[in-house]
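In this chain, residues are counted from 1 in sequence order. Atoms within each ligand, like the ligands themselves, are counted from 1 in listed order.
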Amino acid sequence: MKSGNPLRKTARTDARKLLQFLEQKREALSPLLILTHDYPDPDALASSFAFAYLVKKGFNIYTRIVYGGIIGRTENREMVKILKMPVHKFNANDLKKFSQVALIDTQPEFENNSFPADRQATLVIDQHPSLIKPSAVCSIVDLECGATSVILAQALLLSNIDIPRRIGTALAYGILTDTLNLYRAKRADIIKTYSALLPFCDMRILAHIQNPSRSRKFFTTLGKAIKDAMVCQKLLVSHLGWVENPDLVSQITEFLLTYKGMRYAFCTGRYNERIHFSLRATNPNALAANILRDIVKDPKEAGGHDTIAGGSFEVGKEGAESTWKEVEESLTQKLIERLNISGKSTFYFPFKLTPRIK
Ligand SMILES: [Mn+2]
């Protein structure tokens, strides 16, 4: 990787743009509501946490971090607990109480957050592609930064504000999870930023977050996912049924993709009145988000990156078992067609236990 990479300049320009905006507005932004996406992942949590710290320490801006849905993954819950992250469940009143809102790791127009469509955000810091320019006073969107945490880490490093271990560890974990342990880091400055964070990072805590103890429910869901997994050519599909939290869907999809010979793994899970689904691909050019957008009714119901994508839509509060089944089967069918998997191949169950015949 060349140090003269022109993209490197872009990343630091973004961090600088953020600091300039904060410097210019200072206390005028206080109090500020920080809203991240529903079912927040480590990158959403870490970048919101680091942003709250940066604006308080550097610019005397008071904040409240809120998210919709729940924090599902055991790792993410462990992260919030062990790093004492001040994050709160979103409440509709928050939007009335705060006149200024910063959206982190999401955008006003995205379906994955509780921000109303008719309101302008004060600030957007994100890494996801969007069809329209975010409606915000200041928006910082870097599609190539690998993780929103990278933008926040660069702003903190650039501002010379000291980085406490809780912040450094959170940002490092945010970067690792969103870049698949830096595998998806497309630019030299992402690795550099990660390395610059390491002195501020507690590696024991990081290891602890990455290897939490898991509930019995986690194992029963994983067991069902494996048992019911069906394979057709290079595609593995598993419908998990009712799940304890929707994050299990993406986590298990990721794990199932590691089955030898698979190029795609697709899982669904039922949670409240919605079906959640997740696609993982081995090919870095798979455009997983586009594949999912093509198999749902409204492209807004799915999103993601090249190898990682997910989404959800409403099936209905009173959805009968047969309705759920139909939805699951129809998604599988559309996916097969979209991936051009030949109609002659049928699914088989590689992990179903068959009784031994003597
Ligand atoms: Mn995220």
Report, one line per pair, each donor and acceptor closer than 3.5 Å where one atom sits in a side chain of residues 88-95; sequence neighbours left out.
| residue | atom | partner | partner atom | Å |
| --- | --- | --- | --- | --- |
| Lys89 | NZ | Gly69 | O | 2.6 |
| Asn91 | OD1 | Asn93 | N | 2.8 |
| Asp94 | OD2 | Asn91 | N | 2.9 |

Using a 3.5 Å distance criterion without hydrogens, assess whether the side chain of [X] forms a donor-acceptor pair with backbone atoms of [Y].
| X | Y | result |
| --- | --- | --- |
| Asp142 | Glu144 | yes |
| Ser47 | Thr148 | no |
| Thr169 | Asp202 | yes |
| Ser238 | Ala225 | yes |

Sum of protein N, O or S atoms, each under 2.8 Å from the Mn ion (ligand 1): 4
Cation-pi, Phe219 ring and Arg216 (6.0 angstrom, 45 degrees):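 Because its charged atom misses either the 6.0 Å distance or the 45° angle limit, Arg216 does not stack over Phe219.
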